[in-house]
Visitor: 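Sharing a structure with you now.
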Amino acid sequence: MRISFNSIGSLGMTSTFQAQQQQNSFNTEIDKADSRLEKIEASREKYAEFVQSSYPIYQRATPTQLVNKQTNSINIVAGVYYNLGTVNGKPLNGTPLASGGFNSNFSPKIWKVSGSSIVTPEQEAALKMRQYYSLPERQEANEFVAVFMSLSRLAEGKKSVDSMNDDAMFAQHFPKFAEGIGLDLSQPFTINGKSFTYSQGTLQMTDTED
């Protein structure tokens, strides 16, 4: 029978390797925990924003007018409750969300509580508001909201003028949307400080893009 022993140096290397493995495993667990906490916090912030944006809808608060008619300008700020004109004579109001999307009175968002079958008062109110409007009305409202969100992304530099002009939905609904909010397309106008003109169905930027 042959018995062999590891050298002291080898034992040191083995010990160091095991310590490194344990440290890597520990760091991985910390990273996973941090990621879970970040997701939880993001979900909380999104829920808080959703609740905040729902209050003026359910309380039928007076919205902010989107257009300053004296300067023919639009200023879009996330979290502000705006009027986006009317659909079939009914006011279209809502709030652009910092987390993305738009919460409107025609289609108020219904927040589903994970793992719960209880219907909240907010969910009941949202359902009743949805039922108040016909399907064609909600569809037209969604088209106006889509135009608004395109203008918002244009102002943020997330969409180009060319992409707006190539968007058939935008081309179809923008003139009616502009008329509803009181934006004069026969004159130059600004969106969040950027200048534009609209002529013969074409949107143009009149200042230099960065």
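Values reported hereafter were calculated over all heavy atoms of this structure, with side chains retained and with hydrogens, waters and symmetry mates removed.
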Visitor: In terms of heavy-atom contacts, does CD of E179 have more than 12 from other residues, nucleotides or ligands at under 6.0 Å?
Guide: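 No.
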
Visitor: How long is the gap from OG1 on T197 to CD on Q187, to the nearest 0.5 Å?
Guide: 11.0 Å

Visitor: Side-chain polar contacts of residues 139-153 - donor-acceptor pairs under 3.5 angstrom, sequence neighbours left out - could you list them?
Guide:
residue: E140; atom: OE2; partner: K176; partner atom: NZ; Å: 3.0
residue: N142; atom: ND2; partner: R138; partner atom: O; Å: 3.2
residue: S150; atom: OG; partner: A146; partner atom: O; Å: 3.1

Visitor: So do Y198 and F189 actually touch side chain to side chain, heavy atoms under 4.5 Å?
Guide: yes

Visitor: At what distance, to the nearest 0.5 angstrom, does NZ of K159 lie from CE of M164?
Guide: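 With rounding to 0.5 Å, NZ (K159) is 5.5 Å from CE (M164).
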
Visitor: Quick one: CD1 on I76 to CG on L154, what's the gap to the nearest 0.5 Å?
Guide: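 The distance works out to 9.0 Å.
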
Visitor: In a table with atom names and distances, give each donor-acceptor pair under 3.5 Å that connects a side chain of residues 84-105 to protein atoms at least two apart or in another chain.
Guide:
residue: N88; atom: ND2; partner: E137; partner atom: OE2; Å: 2.7
residue: K90; atom: NZ; partner: E137; partner atom: OE1; Å: 3.1
residue: K90; atom: NZ; partner: E137; partner atom: OE2; Å: 3.2
residue: N93; atom: OD1; partner: N83; partner atom: ND2; Å: 2.9
residue: S99; atom: OG; partner: E49; partner atom: OE1; Å: 2.6
residue: N103; atom: OD1; partner: K109; partner atom: N; Å: 3.0
residue: N103; atom: ND2; partner: S53; partner atom: OG; Å: 2.9
residue: N103; atom: ND2; partner: S54; partner atom: OG; Å: 3.3
residue: S104; atom: OG; partner: F106; partner atom: N; Å: 3.2
residue: S104; atom: OG; partner: S107; partner atom: N; Å: 3.2
residue: N105; atom: OD1; partner: N93; partner atom: N; Å: 2.8
residue: N105; atom: ND2; partner: P91; partner atom: O; Å: 3.0
residue: N105; atom: ND2; partner: Y133; partner atom: OH; Å: 3.1

Visitor: Would you mind reporting whether Y82 and P63 have side-chain heavy atoms less than 4.5 Å apart?
Guide: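 Side chain of P63 against side chain of Y82, heavy atoms only: no contact under 4.5 Å found.
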
Visitor: Please report the interatomic distance CD(E156) to CG(N192), rounded to the nearest 0.5 Å.
Guide: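 It is 8.0 Å, given to the nearest 0.5 Å.
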
Visitor: If every non-hydrogen atom of L185 is compared with every non-hydrogen atom of P175, which pair is closest and at what distance?
Guide: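 Nearest pair, atom of L185 first, then P175: CD1-CA, 4.0 Å.
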
Visitor: In the structure I gave you, are the side-chain heavy atoms of I74 and I181 within less than 4.5 Å of one another anywhere?
Guide: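 Side chain of I74 against side chain of I181, heavy atoms only: contact under 4.5 Å found.
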
Visitor: Shortest non-hydrogen contact from S73 to T190?
Guide: CB-OG1, 2.9 Å

Visitor: Determine, stepwise, if the pair F177 / L183 fulfils side-chain contact (heavy atoms from CB on, under 4.5 Å).
Guide: CA-CA 9 Å; F177 172 80; L183 184 68; over 6 Å; no

Visitor: Please tabulate, one pair per line, all N/O donor-acceptor pairs under 3.5 Å involving side-chain atoms of residues 165-173, not counting sequence neighbours.
Guide:
residue: N165; atom: OD1; partner: L203; partner atom: N; Å: 2.8
residue: N165; atom: ND2; partner: V161; partner atom: O; Å: 3.4
residue: N165; atom: ND2; partner: L203; partner atom: O; Å: 2.9
residue: D167; atom: OD1; partner: M169; partner atom: N; Å: 3.0
residue: D167; atom: OD1; partner: F170; partner atom: N; Å: 3.3

